[in-house]
Amino acid sequence: MGLWLALAALLALGLRRVFVGYPGPGLACLAPREAALVAAASEAMFPTGGEIPESGPDAGVPAFLDRYVATVPPQVRLLMRLLFFLVEHATLVFPGPAPRGWRRFSALEHGQRIAVLDGWRTSRLFPRRLVFTSLRAMLTMGYFADPAVLRRIGLAPFAVDSPVCEADLLYPPIGRPRSEIRYGPADLTPPSDGTPLRLDGPLHPDYRGGAQ
Amino acid sequence: MSAPASQGEVRVFADYERDFRESCDVVVVGSGPTGSVVAHELAEAGRRVVLLEEGPPFTPGEFELEGTLSMTRTMREAGLRATRGFVMPTMQAIALGGGSLVNSAICVRPPEFVFERWCSGFDLERTTRKDLEPHFDAVGEFLGIAPTPEDVQGPRNLLFASGCDALGYSSEPIARNVRGCRGSGECFTGCRSRAKQSMDISYVPAAIRHGARVLTSVQVQRIRSDGRRAAGVEGQVVEPFSGKRSHRFRIDADVVVLAAGCVATPVLLHHSGELANRSGQAGRNLQFHPGVAVMGIFPEPTHPQFGATQGYQSLEFLPDGFKLETLWAPPGVMAVRLPGLGLEYKRHLARISHCAVWDAIVSCNRSLGRVVPRRGRLDPVLHYDVHPEDVKIFQHAAWVLAEILFAAGAKRILPGIHGVPDVLHSLEEAEVVRRGEMRASQFVSAGNHVFSTTRMHGDPARGVVDELGRCHDFDNLYIADTGIFPQCTSVNPMYTGMALAHRTAQALVERT
Ligand SMILES: Cc1cc2nc3c(=O)[nH]c(=O)nc-3n(C[C@H](O)[C@H](O)[C@H](O)COP(=O)(O)OP(=O)(O)OC[C@H]3O[C@@H](n4cnc5c(N)ncnc54)[C@H](O)[C@@H]3O)c2cc1C
Ligand code: SF4
């Protein structure tokens, strides 16, 4: 009986270390532990300062991933959640550098997090590198979804006028009935004449900074 | 069978209110480059055509400029589909127009030696390049296929030409199905300039003009058949993006043409009771052109956001097993291949404005995989392994890319090969890329050119379709997508797929 109690206590402690004690709330789709992992990993991947001043959290990476995870198909969402779970809790089994490297990833210090991620990145084992590449890919997409980051490195998309062509008279916006097709024959415009975009031309409205 | 053409139309998700049943002369499954060509040619010839597409039509207001969000909307499995074995991402579109909505519009006719191999290795008699020239010409004229103009090339494409010139390698502007390109470099997320002649704005509207009925947001789940004859198809309406299924439909047809893509078609055959698979070859022989890319960093800005997405190519190394081309994608997608993390990673990201990325697509004829259907689902599992001899081509290609980048003036290159230093500063340092034996898993690759899962073969025991795309086991079931290629094309596959589809359509016009 005593042994069972001890085992149950150990199990409860283990579960607590895995699931309980996250400081912040979750996001719309990400649970508190996933939100904590994404914030911590994006901070490690994109720390404040350097050649692009914005940090991962500054660039809204957690909010982006929250939206992204919500839009992918359920099977893909499950895989993403497993990936977050793995990175967050692997340090309970394979600890990060001392001191107290055996905490959850999101509870580690900044330098420890970098060391842990570098371990995934440079591993000789392909599956471990794959975990790193997948996590970094998601974080990077989120970082580059931030207009300020894109403007900073000169890669914000240009404003482009879309000519109205025959196809635009056939297709309504996705999910809407054909009665909502936006154009009629009188709206047709000449097709693109191939004038090259100008490097100093206007940016896409969603990517313009406040000053523009 | 050729009744007068009906009034053409498009139907979208919001139009379906109940189960329905219709009939036609020819039903075409899939509106990618191959299915659209077939639907157009038959509608133009007066046949009653129904074109079925699982994805929705996109208009510029719905293009997402951010790469990930775009992929969740336009690609199957949110663009995260990957092979098992050699783990490699592979994207298949789900949209009216199929892959043409998101591809770079590269149109290249394969060299004669490709067709010679096909003919001699697969008992084919009428599939030489000369046989296919009229079909290439017809498609080329319709889509305005022409070399990319100089003024929309931009530095990252032109640097490739100068690097090739310096080394004496041939290079040329890429011919594309584009009219009026403005050099926005965003073919991958949809052409806002409406310059790219993707099927949704070219062949599909033309087919509708000739009376084709185009039903979007419908998923074909089964081919109906009776003995050696296909009777039509059936399936369900699916909601865009969520994939939620609703009303059932059935289309009765005299001829069924499958153009659902090289990955989806064998799964459909399987779900229809191992249809057309007496040879046992359906789903086998899966081939890719795995891509190997190297990034160079130049002293001056390359302004990579300007310029045709893929504007220049070199066919110099086709006999060695690879084709070289320039490459661009949304910045977030390009950044994924940069090394490091933390401040070091940021340093690399900040230099993307000075980069050029060039890639090689590799002819991996020795590397074969399989499309394995999953029970009750149309999303398959893909198994693929790269043959060690093909890994040597990866190495050769990466080395040549390094040579060209340095010859064009790159200060350093990022080979993106595990086990090789992240950054190489000279050609001497780059020697490591071609020295020694490497494993496929050291390379970060992608495989968006897919073929051969329902291959063409003169011998019915060794292939699924004959030279005109007719399933050997059937009188009236055809396959038109790139699954029918006996082997890879060594060049970008879309144009060959459309030329073969054009030939199949002409044969059908004669037969029906
Ligand atoms: C990012 C990217 C870039 C590329 N760039 C180039 C390039 O520049 N040049 C080139 O030559 N090739 C390129 N390719 C490859 C090229 O796009 C494909 O080879 C080509 O689209 C294949 O045409 P297809 O008609 O065989 O199939 P797809 O284009 O795959 O079309 C099949 C269609 O069938 C639909 N479908 C599937 N299953 C069903 C079902 N059950 N019911 C109803 N509909 C269904 C799909 O939604 C899809 O629209 C690229 C591919 C990608 C992904
Ligand atoms: S580069 Fe831009 S303008 Fe040119 S075809 Fe591609 S998306 Fe259209």
Side-chain angles (χ1 to χ4, degrees), chain A residues 44-47 49-52 67-68 71-73 75-76 79 114 117-118 121 126 129-130 133 136-138 140-145 150 152-158 160-163 165-168 170-178 182 191-197 199 204 206-207, chain B residues 10 12-15 56-62 65-69 72 77-78 80 87 96 149 151-152 179-184 186 192-195 200-201 204-205 208 240-241 243 301 303-306 330-333 335-336 341-343 345-347 349-350 352-353 379 418 441 444:
Chain A
M45 197 68 73
F46 309 105
E51 299 202 16
I52 311 171
R67 279 204 316 279
Y68 179 45
T71 51
V72 299
Q75 316 89 283
V76 179
L79 287 177
I114 299 232
L117 288 180
D118 210 38
R121 180 177 85 92
F126 178 70
R129 296 203 308 275
L130 191 63
T133 316
R136 196 183 61 170
M138 285 195 267
T140 304
M141 301 281 199
Y143 193 58
F144 271 31
L150 278 188
R152 180 96 52 197
I153 55 174
L155 293 186
F158 297 109
V160 171
D161 289 330
S162 296
C165 64
E166 181 188 8
D168 295 306
L170 294 169
Y171 315 138
I174 296 173
R176 312 304 309 162
R178 274 180 290 169
R182 281 172 275 212
S192 167
D193 63 0
T195 305
L197 293 169
L199 281 175
H204 185 288
D206 293 352
Y207 290 80
Chain B
V10 188
V12 295
F13 179 68
D15 292 326
F58 281 78
T59 48
E62 280 129 4
L65 292 172
E66 196 285 312
T68 332
L69 296 179
T72 59
E77 300 180 47
L80 300 175
V87 180
L96 187 66
D151 59 355
V152 292
R179 290 188 170 106
C181 176
R182 303 196 61 200
S184 66
E186 58 190 23
R192 284 183 288 155
S193 305
R194 296 304 227 186
D200 54 319
I201 70 166
V204 170
I208 293 167
F241 311 132
H303 305 295
Q305 79 279 32
F306 172 69
V333 177
V336 163
L341 67 105
L343 291 176
Y345 188 38
K346 276 182 149 187
R347 224 179 0 261
L349 295 181
I352 293 191
S353 54
D379 281 333
H418 180 71
S441 62
V444 179

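Every chain is numbered from 1 and lettered A, B, ... according to where its sequence line falls, protein lines coming before strand lines.
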Tell me, side chain or backbone of B:Leu349 under 4.5 Å from chain A's heavy atoms, or both, or neither? both
A:Phe126 versus chain B, heavy atoms under 4.5 Å apart: side chain, backbone, both or neither? side chain
Donor-acceptor pair, side chain of B:Lys346 and main chain of A:Ile52, under 3.5 angstrom: yes
Under a 4.5 Å cut-off applied to non-hydrogen side-chain atoms, are B:Asp379 and A:Gln75 in contact? yes
Report which part of B:Val444 has an atom under 4.5 Å of a heavy atom belonging to chain A: side chain, backbone, both, or neither. neither
Quick one: does B:Thr59's side chain get under 4.5 Å of A:Ser162's, heavy atoms only? no
Is chain B contacted by the side chain of A:Asp206, its backbone, both, or neither, given a heavy-atom distance below 4.5 Å? neither
Which atoms form the tightest heavy-atom contact between A:Ile153 and B:Ala350, and what is the distance? CG2-CA, 3.8 Å
Contacts of type salt bridge (Lys or Arg N to Asp or Glu O under 4.0 Å), residue A:Arg67, not counting sequence neighbours: none
Taking every non-hydrogen pair under 4.5 Å, which of B:Gly67, B:Gly61, B:Ala78 racks up the most with chain A? B:Ala78
Of the backbone (N, CA, C, O) and the side chain (C-beta and beyond), which part of B:Leu343 lies under 4.5 Å from a heavy atom of chain A, both, or neither? both
Under a 4.5 Å heavy-atom cut-off, does chain A meet the side chain of B:Asp151, its backbone, both or neither? both
Considering only heavy atoms and a distance below 4.5 Å, find which of B:Gly183, B:Pro60, B:Ser353, B:Ser193 pairs most often with chain A. B:Ser193
All heavy atoms of B:Asp15 vs all of A:Arg178, minimum pair found to be OD2-NE, 2.9 Å
Please classify the contact of B:Pro240 with chain A as side chain, backbone, both or neither, using a heavy-atom distance under 4.5 Å. side chain
B:Glu66: which residues meet the side chain to side chain donor-acceptor pair (under 3.5 Å) condition with it, sequence neighbours left out? B:Thr68
Within-4.5 Å side-chain heavy-atom neighbours: A:Thr71 and B:Phe241: no
For chain A, which of B:Ser441, B:Ala14, B:Gly342 has the most heavy-atom pairs under 4.5 Å? B:Gly342
Calculate, to the nearest 0.5 Å, the distance between atoms NE2 and CG belonging to A:His204 and B:Leu65 respectively. 4.5 Å
Report which part of A:Ala145 has an atom under 4.5 Å of a heavy atom belonging to chain B: side chain, backbone, both, or neither. both
Within a strict 4.5 Å, meaning less than it, do heavy atoms of the B:Glu62 and A:Pro173 side chains meet? yes
Could you pull out the closest heavy-atom pair between A:Phe144 and B:Ala335, with the gap in Å? CE2-CB, 3.8 Å
If you measure from CD on B:Gln305 to CG on A:Leu155, what distance do you get to the nearest 0.5 Å? 5.5 Å
A:Tyr171 vs B:Pro205 side-chain heavy atoms within contact, under 4.5 Å: yes
If you count heavy-atom pairs within less than 4.5 Å of chain A, which of B:Phe306, B:Phe58, B:Phe13 leads? B:Phe306
So, is the end of the A:Arg136 side chain (NZ or CZ) under 6.0 Å from the ring centre of B:Tyr345 and within 45° of the ring's axis? yes
Interatomic distance, B:Ile201 atom CD1 to A:Leu170 atom CG [nearest 0.5 angstrom]: 11.5 Å
Closest non-hydrogen atom pair between A:Thr195 and B:Arg182, with its separation: O-NE, 2.8 Å
Residue A:Leu199 versus chain B: region with a heavy atom under 4.5 Å: side chain
Honestly, the part of B:Pro56 sitting under 4.5 Å from a heavy atom of chain A is side chain
